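Below is one structure; the comments refer to it alone.
On a predicted model such as this, the values are computed, not experimentally measured, just so you know. The figures that follow rest on heavy atoms only: side chains count, while hydrogens, waters and symmetry mates do not. When a residue number appears, it is its place in the shown sequence, counting from 1.
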Amino acid sequence: MEDTAIVSLYWQRDEGAIAASSAKYGTLCHSLSYNILRRHEDAEECVNDTWHRAWDTMPPQRPASLRAFFCRIVRNLSIDRWRAAHSRKRGEGLESLVMELEECVPASPSAEEQWEEEQVAAAVERWLEKQSRQDRQLFVHRYFYGWPVKELARRAGYAPNSLTQRLRRLRQSLRLALEREGVIL
């Protein structure tokens, strides 16, 4: 089913929208959530919460990209769940992603620093646009979708150690680009 038809189902308050969303984007959303949480049960709950959140926000929202809309929701829900679960203990998944990026991307800003956060996001987008298509895909799959290095290496045709080095060089390049733009790290 086309995305516009799915959005129309949400706007019509037709429960078939959830089934259509799950059929088209369920696997993607589950994979993204699992890469952060590392537990299928938690990932499944976040995916179900994603459909509920979409139901609550459409209308009034009419997303231009349903895929991006669902990915943003499930990613935010998964990060919130991870934070709640790890406020008392340390774990795998998101923590390793954050640790890898913390040397080149500043910590999340407070509410008062929303403007600065938008500037950092815009700077990262400008940096990504200058990268090769493959480097962009590697970076986004690792740091947005949270793919494990071994899985990303297998899919991209790299040895895990080679990919780790390539990701390190990309993070260094990002750090330099952000420093040139005046982002305080």
Problem - Cys71 side chain near Leu28 side chain, heavy-atom distance below 4.5 Å - result: yes
Exercise for the section: Please determine if Glu129 and Arg126 form a salt bridge, counting it only when a charged side-chain N lies under 4.0 Å from a carboxylate O. Expected result: no
Problem - Side-chain donor or acceptor of Arg75 paired with backbone N/O of Phe144 under 3.5 Å - result: yes
Handout entry: Close side-chain approach of Arg142 and Leu163, heavy atoms under 4.5 Å
Key = no
Exercise for the section: With rounding to the nearest 0.5 Å, note down the distance linking CD1 in Ile73 to SG in Cys29. Expected result: 8.5 Å
Practice task
Decide yes or no on side-chain contact (heavy atoms from CB on, under 4.5 Å) for Glu45 and Leu37, but give the supporting numbers first.
Solution key: CA-CA 11 Å; Glu45 285 185 37; Leu37 298 170; over 6 Å; no
Handout entry: Expected output: side-chain Gln131 to main-chain Trp127 donor-acceptor under 3.5 Å
Key = yes
Problem - Min side-chain heavy-atom separation Leu174-Leu128 under 4.5 Å - result: no
Handout entry: Minimum heavy-atom distance between Gly146 and Asn35, given as atom pair plus value
Key = O-CB, 3.0 Å
Practice task
Determine whether Glu151 and Arg155 make a side-chain contact, defined as any pair of heavy atoms from C-beta on separated by less than 4.5 Å.
Solution key: yes
Handout entry: Flag, side chain of Arg62 to backbone of Thr4, donor-acceptor distance under 3.5 Å
Key = no
Handout entry: Arg169 and Gln172: side chain donor to acceptor below 3.5 Å
Key = no
Handout entry: Arg13 side chain near Pro59 side chain, heavy-atom distance below 4.5 Å
Key = yes
Practice task
Would you mind reporting whether Arg81 and Ile36 have side-chain heavy atoms less than 4.5 Å apart?
Solution key: no
Handout entry: Non-hydrogen side-chain atoms of Arg72 and Ser65 separated by less than 4.5 Å
Key = no
Problem - Test item: His30 side-chain N/O and Gly26 main-chain N/O as donor-acceptor pair under 3.5 Å - result: no
Practice task
Decide yes or no on side-chain contact (heavy atoms from CB on, under 4.5 Å) for Leu176 and Glu179, but give the supporting numbers first.
Solution key: CA-CA 5 Å; Leu176 290 172; Glu179 286 175 351; 3.9 Å; yes
Handout entry: Whether over 12 other heavy atoms sit under 6.0 Å from Glu2 CD
Key = no
Problem - In one Ile/Leu/Val/Met/Phe/Trp/Tyr side-chain cluster, 4.5 Å: Tyr34, Leu77 - result: no
Handout entry: Thr50-Tyr25 side chain donor-acceptor pair, cut-off 3.5 Å
Key = no
Problem - Thr57 side-chain N/O to Arg53 backbone N/O, donor-acceptor pair under 3.5 Å - result: yes
Problem - Exam field: side chain Ser78 to backbone Val74, donor-acceptor pair closer than 3.5 Å - result: yes
Exercise for the section: Flag the pair Arg38 / Trp82 as yes when at least one side-chain heavy-atom distance between them is below 4.5 Å, and no otherwise. Expected result: no
Handout entry: Worked check of side-chain contact (heavy atoms from CB on, under 4.5 Å) between Leu32 and Phe70
Key = CA-CA 10 Å; Leu32 196 161; Phe70 289 144; over 6 Å; no
Problem - Whether Trp11 side chain and Gln61 backbone form a donor-acceptor pair below 3.5 Å - result: yes
Handout entry: CA sep, side-chain torsions, deciding dist, call: Ile18, Leu9, side-chain contact (heavy atoms from CB on, under 4.5 Å)
Key = CA-CA 9 Å; Ile18 294 172; Leu9 290 174; over 6 Å; no
